[in-house]
Amino acid sequence: MHMAFQALSNPGVTKQDIREKIWDYMESQNLADFPRPVHHRIPNFKGSYLACQNIKELEAFARTWNIKVGPDKPLEGVRLLALQSHRTLLVPTPRLRTGLFNKIIPPPGAMKDILRKCATSQGVRNYSVPVGLDSRVLVDLVVVGSVAVSEQGWRIGKGEGYADLEYAMMVSMGAVCEETPVVTVVHDCQVVNIPEALLEDHDLTVDYVLTPTRIITTGCRRPKPKGITWCKISPEMLERIPVLRSLRHREQQAGKDVTLHGEQQHLWEAGSKHTAPPSAGQRPQDAPQPMEGSVPAACSGLHREGLPPNAAALPAATIHVSNLPAGARVSELKRALRERGATPLHLTWQGPRRPALLAFRDLAAAEQAITCLQGLRLGASTLQVELVRQLRDK
């Protein structure tokens, strides 16, 4: 790892810290190419075409027929190679506004200068046709841009999440599977150490890293996304991306939990306004109101494992959140849950350094929330999130 990036392994480093360090370094060392500045972009770098040529050395490329390549400028060389070798080139529809894929179709007898145009953003506008959800296309190889990547195959994009979402949507429509190879093309300085704690279940990993001087086979064993993590999708994003709405409808019809980011918040807030059932002889208006962050009497003690004594009576849709830092407040946890789109119907707070219990409406919602909460940190602590029934079995 380059000396300039040694601090990226320090505890508490964030994805944005890594992005900023890479962007600043590439600009200061004049490693960047048009468009500049590279901040908030997948950086185009000097030598990107040379790095792209290395894809020809991969066996995965040799047996590829359909190749999906990201729209980023440093991947232009891969798009050109795909067209020159008569492969089917699929590119994402810009910002997914009108679909998921466009297929680049060069004019008959196109020479290299026309193929070069087809490989640019102009190619999507002038030489492509959309590929619908029902096309049953199978993608043999995926190429994505990156801001940073590790030799282990862990990747950081520019922060908008489009590459992760595009892959998840391809999984949802059956276009890719776990064995579909994923490649990224970067400058050598973009290969850095990335703490595994920063990775979440929806983050796409890569199998090969191509630089101007190296071909890195990562051997990454971390599972790739298994589909769309709906609790990460905001209603605003759903509104902007029509194809996402179509996929959500399909998954909803199939009985999957498609609760969006923030939707459970409304259920949670509504639930906190409900009164407890009145006891015998008590008028409804005298029924006790639940206190925010209150702890049921039966949960006032903890076993050695951190579960309340009545754990056997807890519903299966209860999540146990432990490793809370000293001094943590219930308001901080609630805010973090909202930001992750995993707000429960009820939260039982047992004080800092004791586990919190989150109740969801059903097991599917609880499992979805666990996915959303992977890698969640409060202060310097990474929270441990688990279903209560799994803890019972230990």
Side-chain angles (χ1 to χ4, degrees), residues 1-27 29 31-32 38-45 47-48 50-52 54-55 57-58 60-61 69-70 72 74-75 78 141-168 176 178-226 229 374-377 380 382:
M1 181 176 60
H2 196 283
M3 292 286 290
F5 301 132
Q6 284 186 348
L8 298 182
S9 300
N10 293 344
V13 70
T14 66
K15 288 182 179 179
Q16 191 61 25
D17 293 335
I18 296 174
R19 292 185 188 106
E20 295 289 347
K21 196 78 172 177
I22 295 288
W23 288 328
D24 289 347
Y25 182 80
M26 295 186 76
E27 283 291 341
Q29 300 300 309
L31 299 174
V38 294
H39 293 79
H40 311 292
R41 306 180 193 271
I42 298 296
N44 190 24
F45 57 92
S48 63
L50 180 61
C52 289
N54 283 330
I55 200 168
E57 304 300 319
L58 300 182
F61 182 75
V69 185
D72 311 296
L75 305 182
V78 174
L141 184 67
V142 176
V143 184
V144 296
S146 302
V147 173
V149 67
S150 73
E151 293 188 2
Q152 291 78 25
W154 303 334
R155 172 191 171 274
I156 295 176
K158 62 185 175 184
E160 293 185 350
Y162 277 101
D164 300 324
L165 180 58
E166 288 163 11
Y167 182 88
V176 297
E178 182 70 28
E179 289 72 36
T180 305
V182 178
V183 179
T184 194
V185 181
V186 295
H187 190 276
D188 288 278
C189 76
Q190 293 173 261
V191 183
V192 298
N193 288 341
I194 298 175
E196 188 173 8
L198 294 181
L199 298 183
E200 301 178 61
D201 286 352
H202 69 277
D203 288 328
L204 179 61
T205 56
V206 303
D207 303 294
Y208 300 98
V209 180
L210 309 181
T211 80
T213 66
R214 304 169 68 191
I215 298 174
I216 302 170
T217 302
T218 67
C220 185
R221 296 183 178 276
R222 187 181 179 90
K224 294 183 174 66
K226 292 179 170 39
T229 306
Q374 291 301 308
L376 177 62
R377 296 170 68 92
T382 300

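Counting heavy atoms from C-beta on, the side chains of V206 and C220 never come closer than 4.5 Å. Side-chain contact check for P195 versus V13: some heavy-atom pair is nearer than 4.5 Å. Contact check for Y208 versus I216: no side-chain heavy atoms found under the 4.5 Å cut-off. At least one side-chain heavy atom of I156 sits under 4.5 Å from a side-chain heavy atom of I194. Side-chain contact between V186 and V147: absent, with no pair of heavy atoms (C-beta onward) separated by less than 4.5 Å.
Screening L58, V209, V142 for a side-chain contact (heavy atoms from CB on, under 4.5 Å) with V183, the sole residue that qualifies is L58. I55 pairs in a side-chain contact (heavy atoms from CB on, under 4.5 Å) with only one of the listed residues (V185, I215, L75, V78), which is V78.
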For this session: Might you work through the side chain to side chain contact (heavy atoms under 4.5 Å, CB included) test for V69 and L141, ending with a clear yes or no?
Result: CA-CA 8 Å; V69 185; L141 184 67; over 6 Å; no
For this session: Starting from the C-alpha separation in whole Å, work towards a yes-or-no answer on salt bridge (charged side-chain N to carboxylate O under 4.0 Å, His left out) for R155 and D164.
Result: CA-CA 10 Å; R155 172 191 171 274; D164 300 324; 3.7 Å; yes
For this session: For side chain to side chain contact (heavy atoms under 4.5 Å, CB included), just list the numbers for E200 and D203, CA-CA rounded to whole Å, side-chain angles, deciding distance to a tenth of an Å, and then say yes or no.
Result: CA-CA 5 Å; E200 301 178 61; D203 288 328; 3.7 Å; yes
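Contact between R19 and G159 at its shortest, heavy atoms only, is NH2-CA, 3.3 Å. Between S48 and P74, the shortest heavy-atom distance links the atoms CB-O, 3.8 Å. Across A148 and V192, no two heavy atoms sit closer than the pair CB-CG2, 4.0 Å. G47 approaches P212 most closely through the heavy-atom pair O-CG, 3.7 Å. Scanning both residues, A197 and R377, for their nearest heavy atoms gives CB-NH1, 4.5 Å. Contact between R222 and E196 at its shortest, heavy atoms only, is NH1-OE2, 3.3 Å.
We find the CD1-OG distance between I22 and S146 to be 10.5 Å, quoted to the nearest 0.5 Å. Rounding to the nearest 0.5 Å gives a distance of 9.5 Å between CG of D207 and OG1 of T180. A distance of 11.5 Å separates OH of Y25 from CD of Q190, quoted to the nearest 0.5 Å. Here I42 contributes atom CD1 and E160 contributes atom CD; the two are 9.0 Å apart, rounded to the nearest 0.5 Å. Considering CG of L210 and OG1 of T213, their distance stands at 11.0 Å, rounded to 0.5 Å.
Applying the salt bridge (charged side-chain N to carboxylate O under 4.0 Å, His left out) test to E151 and every residue at least two apart in sequence or in another chain returns R214. Among residues two or more places apart in sequence or in another chain, the side-chain hydrogen bond (donor to acceptor under 3.5 Å, both in side chains) test is passed with Q29 by none. Residues satisfying the side-chain contact (heavy atoms from CB on, under 4.5 Å) criterion with P225, sequence neighbours excluded, are Y167, L204. The salt bridge (charged side-chain N to carboxylate O under 4.0 Å, His left out) search around E20 returns none, not counting sequence neighbours. Residues forming a salt bridge (charged side-chain N to carboxylate O under 4.0 Å, His left out) with D201 (at least two apart in sequence, or on another chain): none. Residues that satisfy the ring pair (Phe, Tyr, Trp, His ring centres under 6.0 Å) test with F61, not counting sequence neighbours, are absent from this structure.
For the residue pair D188/T211, the side-chain donor-acceptor check at 3.5 Å is satisfied. Side chain to side chain, Q16 and T14 fail the donor-acceptor criterion of an N or O pair below 3.5 Å.
A perpendicular orientation is assigned to the rings of H187 and F45, their planes being inclined by more than 60° (bins at 30° and 60°).
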